[in-house]
Protein chains: 2
Amino acid sequence: MSHVGYGCLMAVDRDHVLRSAAALLTRKSTATMDEVAKAAGISRATLHRQFAGRDALVRALEALGIEECEAALDAARLDDGTAQEAVRRLVRELEKVAGLLAFLYTENQLFEGDGQHEGWARLDARMAALFRRGQQSGEFRIDLSPAWLTEALYGLMASAAWAVTEGRVAAKDFHHMIVELLLGGALRREEP
Amino acid sequence: MSHVGYGCLMAVDRDHVLRSAAALLTRKSTATMDEVAKAAGISRATLHRQFAGRDALVRALEALGIEECEAALDAARLDDGTAQEAVRRLVRELEKVAGLLAFLYTENQLFEGDGQHEGWARLDARMAALFRRGQQSGEFRIDLSPAWLTEALYGLMASAAWAVTEGRVAAKDFHHMIVELLLGGALRREEP
DNA sequence: CCCACATGAGACATAGATGTCTCATGTGGA
DNA sequence: TCCACATGAGACATCTATGTCTCATGTGGG
């Protein structure tokens with residue numbers, strides 16, 4: 001028996017590997033298991049010991065992404081203040097997950113079968129609830145469904161993350177670009 | 001020599017194959033050459049005779065997408081009327097290309113190297129010019145850069161196309177969802 | 001009728017990634 | 001010191017998609 005140290009050490013390494021893989025796959029979604037291993041500073045053998053295969057790795061990244069999104073939603077306190085303020089906090093919190101989210105967003109294989117992760121439905125429901133709250137309070141227009149606003153938020157996050165890595169837009173504008181477009185749109189507001 | 005019939009027939013078949021492949025790959029981006037061939041109703045051998053390989057096929061799809069986008073931009077008459085009207089026409093015209101666009105959008109391999117298709121730059125430039133025109137005429141706000149609005153339009157189109165195929169939103173709302181979110185945002189306008 | 005040619009079917013080799021295995025090494029703890 | 005164990009390196013088999021080839025077939029035009 002190797003006592004308890006085993007599980008502990010593995011957990012730490014596993015997290016490091018996962019984050020390295022996320023960073024790499026965000027940039028190059030077709031990266032090899034070899035490249036993922038090198039990026040994490042470990043050998044391919046060790047990578048396989050921690051994740052049964054590429055599929056398992058992607059699944060773990062999906063779980064990580066969902067976990068971090070849920071943490072972001074918690075931190076954004078979606079039920080506090082106006083819905084608009086909550087959306088602003090939400091985008092602020094989601095910004096750090098945007099890269100991983102963009103990667104998962106393109107891994108459409110995750111959503112093909114019937115066995116997609118239930119976490120996505122939970123996240124969708126929470127975000128849609130926020131938009132619905134904004135509609136009921138009169139802040140948001142009612143002709144754009146909560147489901148669409150949720151999808152649009154994902155899409156804008158992915159687009160922005162991708163545009164930033166491509167150097168088309170500045171990273172510092174991330175929050176402003178998404179929030180202002182999502183909430184306010186491109187048209188100038190008439191001065192009241 | 002086989003006279004002229006050769007080129008003519010090939011052109012027709014090629015176009016049909018291309019559109020079948022676009023329809024299939026839009027749904028399942030990892031489809032095999034076998035599946036692509038079956039979807040087009042031809043054999044894999046014939047598919048290989050028309051497109052040197054999967055890479056060539058994707059490149060051809062890219063060219064087709066660019067071509068159709070440019071046709072859409074032409075049909076939308078971006079220089080006529082207000083910028084807002086032009087954007088509405090543009091989304092209307094782009095709707096039929098949205099699926100293909102969404103597929104190409106996720107084929108990030110196309111944009112990795114330095115040899116990306118110049119057509120994208122042309123399209124970006126024309127769309128950015130439209131948004132810039134709207135800014136200069138005072139219709140659009142100036143704190144959202146034309147480059148970002150262009151990226152956002154791509155992203156929203158892809159998100160909407162994907163959400164429609166997933167059944168999350170209704171296809172008939174496509175134009176309204178994108179245009180209203182892009183131009184007006186989620187916030188209710190104050191009554192003047 | 002005859003021939004050229006595009007096609008479909010399938011065999012075959014190749015490439016690239018993946019998954020599994022063994023073995024030597026180094027390190028931390030008893 | 002000694003041992004257990006995780007690791008790295010690499011060999012090896014496998015698998016899947018791909019690319020290439022041959023051959024029989026059918027069809028359309030001369």
Side-chain angles (χ1 to χ4, degrees), chain A residues 1-62 103 106-110 112-113, chain B residues 1-62 103 106-110 112-113:
Chain A
M1 301 299 165
S2 66
H3 312 302
V4 218
Y6 178 87
C8 177
L9 285 175
M10 291 291 283
V12 171
D13 282 342
R14 181 187 152 97
D15 194 72
H16 168 239
V17 171
L18 226 37
R19 296 190 181 277
S20 305
L24 173 60
L25 290 173
T26 291
R27 292 192 310 267
K28 186 185 178 188
S29 61
T30 62
T32 299
M33 292 294 272
D34 248 316
E35 299 173 289
V36 172
K38 275 189 178 54
I42 62 176
S43 71
R44 197 164 65 96
T46 302
L47 179 60
H48 265 83
R49 286 184 189 109
Q50 294 186 330
F51 301 97
R54 186 193 182 78
D55 195 62
L57 175 63
V58 174
R59 293 287 169 175
L61 283 173
E62 184 185 30
F103 162 67
T106 64
E107 285 295 284
N108 36 27
Q109 57 171 4
L110 293 174
E112 277 179 5
Chain B
M1 301 303 162
S2 68
H3 314 303
V4 219
Y6 178 87
C8 177
L9 285 176
M10 291 291 281
V12 171
D13 281 345
R14 181 187 152 97
D15 193 71
H16 168 239
V17 172
L18 225 38
R19 295 190 182 277
S20 305
L24 173 60
L25 291 172
T26 290
R27 292 192 309 267
K28 185 184 177 188
S29 62
T30 62
T32 298
M33 292 293 272
D34 250 314
E35 298 172 291
V36 172
K38 276 189 179 54
I42 61 176
S43 72
R44 198 164 64 97
T46 302
L47 180 59
H48 265 84
R49 286 184 189 109
Q50 294 186 329
F51 301 97
R54 188 193 182 76
D55 196 62
L57 175 63
V58 174
R59 293 288 170 174
L61 283 173
E62 183 185 30
F103 162 67
T106 64
E107 285 294 283
N108 37 27
Q109 55 172 2
L110 292 174
E112 277 180 1

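The chains referred to below are lettered A, B, ... by the order of the sequence lines, with proteins before strands, and numbering in each begins at 1.
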Whole angstrom value for the distance that separates [atom2] of [N] from [atom1] of [X]:
X        : N       : atom1 : atom2 : value
Lys38(A) : dA17(C) : NZ    : C1'   : 13 Å
His48(A) : dC12(D) : NE2   : P     : 19 Å
Leu57(B) : dG19(D) : CG    : C1'   : 14 Å
Leu25(B) : dA17(D) : CG    : P     : 14 Å
Asp34(A) : dA11(D) : CG    : P     : 13 Å
Phe51(B) : dG19(D) : CZ    : P     : 13 Å
Arg14(A) : dT7(D)  : CZ    : C1'   : 18 Å
Arg49(B) : dC23(D) : CZ    : P     : 14 Å

Quiz item: Of Arg44(A) and Leu47(B), whose closest DNA chain C nucleotide lies nearer the 5' terminus?
Solution: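 By nearest-heavy-atom nucleotide position, the 5'-most residue is Leu47(B).
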
Self-check item: Pairing partner (Watson-Crick or G-U wobble, both distances under 3.5 angstrom) of dC3(D)
Solution: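 Paired with dG28(C).
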
Practice problem: Find the partner of dC2(C): check Watson-Crick (N1-N3 plus N6-O4 or O6-N4) and G-U wobble (N1-O2, O6-N3) distances, both under 3.5 Å, and reply none if neither fits. | Solution: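 Its partner is dG29(D).
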
Looking at the side chain of [X], which of [options] is the nearest nucleotide?
X        : options                  : result
Asp13(A) : dG19(C), dT22(D), dT7(D) : dT7(D)
Thr32(A) : dG8(D), dA17(C), dT18(D) : dA17(C)
Thr46(B) : dG19(C), dT7(C), dA9(D)  : dT7(C)

Please report the closest heavy-atom contact between [X] and [Y], naming both atoms and the distance.
X         : Y        : answer
Phe103(A) : Leu25(A) : CD1-O, 3.5 Å
Ala21(A)  : Leu61(A) : CB-CD1, 4.4 Å
Thr30(A)  : Arg54(A) : C-NH2, 4.2 Å

Quiz item: How far does CZ of Arg49(A) sit from CG of Asp13(A), to the nearest 0.5 angstrom?
Solution: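 Answer for the CZ-CG pair, Arg49(A) versus Asp13(A), is 12.5 Å.
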
Quiz item: Ion pair present between Lys38(A) and Glu35(A), side-chain N to carboxylate O less than 4.0 angstrom?
Solution: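 Answer for the salt bridge query: no.
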
Exercise. Let me know, please, whether Ala45(B) or Arg54(B) comes out on the 5' side of the other along DNA chain D by nearest nucleotide.
Key: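 Closer to the 5' end of DNA chain D: Arg54(B).
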
Quiz item: So, is Ser43(A) close to the dA9(D) phosphate, meaning a side-chain N or O under 4.0 Å from OP1 or OP2?
Solution: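 Answer no for this pair, as no side-chain N or O of Ser43(A) is under 4.0 Å from OP1 or OP2.
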
